[in-house]
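The analysis underlying the following values was restricted to heavy atoms, covering all of them including side chains, and did not include hydrogens, waters or symmetry mates.
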Number of protein chains: 2
Amino acid sequence: MDTLNNPARLTIGRLSQQAGVGIDTVRFYERRGLLPSPARSPSGYRLYSEDTIARIRFIRRAKGLGFTLDEVENLLRLQDQGGRKSAVRELTERKLIQINAKIDDLQRMRNVLQKLAGECSGKGNVDSCPIIEALSNEDEYDGT
Amino acid sequence: MDTLNNPARLTIGRLSQQAGVGIDTVRFYERRGLLPSPARSPSGYRLYSEDTIARIRFIRRAKGLGFTLDEVENLLRLQDQGGRKSAVRELTERKLIQINAKIDDLQRMRNVLQKLAGECSGKGNVDSCPIIEALSNEDEYDGT
DNA sequence: CTTGACTCTTGACCAGACTCTAGGGTTTAT
DNA sequence: ATAAACCCTAGAGTCTGGTCAAGAGTCAAG
């Protein structure tokens, strides 16, 4: 990780600040295997090079796109070890499928709730509330 | 819960089978306060009336629509104690807002991933893979 | 030199919704 | 009568992604 001019001079506090995550998160990512064991100062302090900022940002961006840390680990391994592009693409496409499935799920929920909210006057008490009734009697939609 | 002819004759195994959940889930719902403490046989076995099947299905349908167990608890309380319709509607509308936010989030992710997947040939090794590069360099999109 | 800010390790804790284990007692079928 | 299948309790474990606490060592400023 220290190829050319990347001296390890950042303490964990500075690193985490620059990467935009908490100190504990950095140590957690290290334990998780997402970050390599860093160099240490004589007194045992972790010392990082600037590379690590980029690596943490990579992790955060991947997470922002819906990848789990396990999946991020795979992506990082592919990057570190020069894997095949097709592997990256496959991960991406699997994630797309999952995301689409979730969107479909949520849209189904939204449709039901919207319909029910539209049917409910919001006045009076709860007997004959169409929402409560829909939940009480198995009907049209199926809430898995 | 035993208003008219609803004798408590179901053991927890039968109940859970008919309701389509695991035995442990029934006990968990009881601890959680979603199900009232059931009658007991002389030897301490829980005994349920058919009502409870409906109640568990209510819970499952509400969960299927995205309500958390805390929210389901509220809905059940409104049902049990004859709350106002407006309270039910408010819960529903708050849930709708949450669901829409989640959908937006996922759509944003999908758009980015789709674009990236489209740019990636899938051939060769990972250097110059547009997906890896997008994750490496902060760009256009912002992965929270 | 002392104070305060920083870092270290190990290990516990959070939410949410279950799921399982251990070590019993009970009921039912053969 | 005895085995299989059921039920009981209390409490721990699961998953994900962190976050916090305790107790101790280290470093920079005044």
Regarding the side chain of D24(B), the nearest nucleotide among dG18(D), dT19(C), dC18(C) is dT19(C)
Would you indicate which nucleotide in dG18(D), dT9(C), dA17(C) comes nearest to any side-chain atom of R40(A)? dT9(C)
Checking all strands, does S41(B) fall into the base, sugar-phosphate, or nothing category for heavy-atom contacts under 4.0 angstrom? nothing
Can you check whether T25(B) has a side-chain N or O nearer than 4.0 Å to OP1 or OP2 of dA17(C)? no
Quick one: do K102(B) and D105(A) make a salt bridge, cutoff under 4.0 Å? no
For the side chain of R31(A), starting at C-beta, report the closest nucleotide among dT19(D), dT9(D), dT9(C). dT19(D)
For the pair made of CD in E71(A) and P in dT16(D), what is the distance, rounded to whole Å? 10 Å
What is the separation between atom CD on Q17(B) and atom C1' on dC6(D), rounded to the nearest whole Å? 12 Å
I need the CD1-P distance between I23(B) and dT21(C), as an integer number of Å. 14 Å
Can you measure R27(A) atom CZ to dG17(D) atom C1' for me and round it to whole angstrom units? 16 Å
Whole-Å gap separating P (dC7(D)) and CD (E30(B)): 14 Å
Given dC8(D), dG17(D), dC18(C), identify the nucleotide with an atom nearest to the side chain of Y29(B). dC18(C)
Between CZ of R32(A) and P of dT19(D) the distance, given in whole Å, is 14 Å
Does a nitrogen or oxygen in the side chain of Y45(A) sit under 4.0 Å from OP1 or OP2 of dC6(C)? no
May I have the distance from R46(B) (atom CZ) to dT9(D) (atom P), rounded to whole angstrom? 4 Å
Rounded to whole Å, how long is the line connecting atom CD1 of I12(B) with atom P of dG25(C)? 20 Å
Reckon T11(B) has a side-chain N or O less than 4.0 Å from the OP1 or OP2 of dC7(D)? yes
For the residue pair V26(A) and L35(A), what are the closest heavy atoms and their distance? O-CD1, 3.8 Å
